[in-house]
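Computed from a prediction, not measured in an experiment: that's the story for all the values here.
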Amino acid sequence: MVTITGAQLQAGFDTLARVTWDPVDNADRYEFWTSQIGHGKIAGGEVTAASALSEVAYGDPNVFWVRAINADGAGSWSQPFTTIPGAEVPPVAELPEIFGAGSSIYETNLTPTVRWTQSIRARRFDVWIERDGQAGPYLRFSQEADSGSTKASWTPETPLENGLYRIWVRGRNSNGAGAWSKPLVKAFGGSQSQVTGTVDSGNAQRPTITWSEGVAGVNYQLWVTREADGQRVVLESDITTNSWTPTEDLTAGIYRAWVRQVPQKGAPLPWSALQRIEVGQDTLPGTPTVSAVGDPPDLTYHENVVLSWQAVNKGDRYQIWVAERTVGRILLQETTDSQLSIPLSSLNTGANDYRVWVRAISDAGAFGTWSSMVTFSVEHFLDGRHGVYII
């Protein structure tokens, strides 16, 4: 009978151990067998030397047998040799920022598949799930690791409740448990809140700002700025419903609004897309429609470009923005007229295409909405002449 003398993890490998035994006289070769306790055979083979590299379950009990073979047949199997290769707990598992399709924090699916990276050293995984605002774990369980794959996953048997969750996972083997992963934050059952507009609350300068509902059980934060100067006028937190009404009058004009959800624990969720809202119904000037023509008219070459627009309701004066397409703003000018003539010689000879917007301003200083964009192209000739082309 062969006597196994040792098993040692092979340097540089997490899955191979060097098994050694006393040589047997008249043996031509040896057959070895490796089994992880409770899981049956995991490796085996034949060698001619009195040692072999065998696949093992790192960090868990493994049992080895060996027997000698020659031309007359096989001898008896050795007594089982049991050892735990390695003495390390599993490394930290990682929860990737992907759940099926997409990487958004918001996930409408209430039976998601949660995936994480698997360490070959882990024989089981502990999973801890908390729901924001709830004391204690929402779910806590342990499951066997799938040694045949490179990833591990979990799908709830029953749908989760609509809410915001933090999820941790850690690997475990016979040497103990590894460290918990970093938490993965996911909002299951709801979409990201978006500002939807305003509702007249009876006071035109105190409109109720509304937004779509996000994930259940998480409060909202509203941020509003004036479009004219970018000044913040509202930063309201701990809103429990999907609407908010100012307690004081806002100046009539155009505002920009964002909303986001703020959990009781952890960082706030992402801001919504920007939404422009109007404050002060029937107090804002209308939106002009702008056009561009070359001047003098009916000629191939021009000295100026003339921007024109119709007068609009409550428009006291107008603001004109001319921008080079690739560079940015080059002109921001106000006029009380409904047209503006711009000398072509004053435009950048290195740029060809220009974009134009116009908006009205009331006598109270309220800004209207910018017009649709008009684009024109200027061609500069060596003799000083210019051509204007409306795009």
Side-chain angles (χ1 to χ4, degrees), residues 1-24 27 29-69 73-95 114-129 137 139-155 157 167-182:
M1 180 181 291
V2 182
T3 301
I4 297 178
T5 56
Q8 183 178 9
L9 190 72
Q10 186 73 7
F13 295 93
D14 285 352
T15 59
L16 297 177
R18 174 70 65 178
V19 185
T20 59
W21 53 86
D22 291 332
V24 175
R29 62 190 188 278
Y30 301 92
E31 182 181 9
F32 66 91
W33 180 295
T34 304
S35 176
Q36 179 196 354
I37 291 180
H39 293 273
K41 180 181 177 180
I42 62 172
E46 292 187 1
V47 294
T48 57
S51 69
L53 275 177
S54 179
E55 184 177 351
V56 294
Y58 187 97
D60 276 0
N62 288 258
V63 184
F64 303 91
W65 296 265
V66 68
R67 65 180 178 179
I69 303 175
S76 300
W77 285 104
S78 67
Q79 293 293 323
F81 181 87
T82 302
T83 186
I84 302 178
E88 298 181 17
V89 298
V92 177
E94 294 182 0
L95 282 158
V114 182
R115 298 183 177 90
W116 56 86
T117 57
Q118 185 192 66
S119 166
I120 194 69
R121 303 175 189 174
R123 307 274 38 100
R124 297 193 68 80
F125 285 105
D126 299 330
V127 182
W128 185 290
I129 301 176
L139 285 174
R140 180 178 58 188
F141 61 92
S142 180
Q143 68 179 33
E144 184 177 349
D146 178 7
S147 60
S149 66
T150 58
K151 288 187 179 291
S153 65
W154 168 78
T155 303
E157 295 180 358
I167 305 170
W168 295 262
V169 66
R170 68 179 178 185
R172 179 185 293 276
N173 60 25
S174 297
N175 294 312
W180 288 104
S181 67
K182 294 181 180 179

Any idea which heavy atoms bring [X] and [Y] closest together, and the distance?
| X | Y | value |
| --- | --- | --- |
| Phe64 | Thr34 | CD2-OG1, 3.4 Å |
| Ser181 | Trp168 | O-CD1, 3.1 Å |
| Ser153 | Arg115 | CB-CG, 3.9 Å |
| Ala179 | Arg170 | O-CB, 3.4 Å |

If you round to the nearest 0.5 Å, how far is [atom2] of [Y] from [atom1] of [X]?
| X | Y | atom1 | atom2 | answer |
| --- | --- | --- | --- | --- |
| Trp128 | Leu139 | CH2 | CG | 11.0 Å |
| Thr48 | Arg29 | OG1 | CZ | 10.5 Å |
| Ser51 | Tyr30 | OG | OH | 10.0 Å |
| Leu16 | Glu55 | CG | CD | 7.0 Å |

inquiry  = Are Phe125 and Trp154 an aromatic pair, judged by ring center distance below 6.0 Å?
reply    =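 Here the rings of Phe125 and Trp154 have centres that are no less than 6.0 Å from each other.
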Centroid separation Trp21 to Phe32 less than 6.0 Å = no
ask   = Run the side chain to side chain contact (heavy atoms under 4.5 Å, CB included) check on Arg67 and Trp33 step by step: do they pass?
value = CA-CA 9 Å; Arg67 65 180 178 179; Trp33 180 295; over 6 Å; no
query = Could you walk me through whether Phe81 and Thr3 pass the side chain to side chain contact (heavy atoms under 4.5 Å, CB included) check?
reply = CA-CA 9 Å; Phe81 181 87; Thr3 301; over 6 Å; no
Within the distance-only criterion (no hydrogens, no angle test), does the side chain of [X] pair as donor or acceptor with the backbone N or O of [Y] below 3.5 angstrom?
| X | Y | result |
| --- | --- | --- |
| Ser78 | Val66 | yes |
| Thr5 | Asp22 | no |
| Glu31 | Gly44 | no |

query = Are any of the side-chain heavy atoms of Val127 and Arg140 separated by less than 4.5 Å?
reply = no
request  = State, with a plain yes or no, whether a side-chain heavy atom of Ile167 is found less than 4.5 Å away from one of Trp116.
outcome  =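 No, side chains not in contact.
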message = Which residues pass the side-chain contact (heavy atoms from CB on, under 4.5 Å) test with Gln79, not counting sequence neighbours?
response = Met1
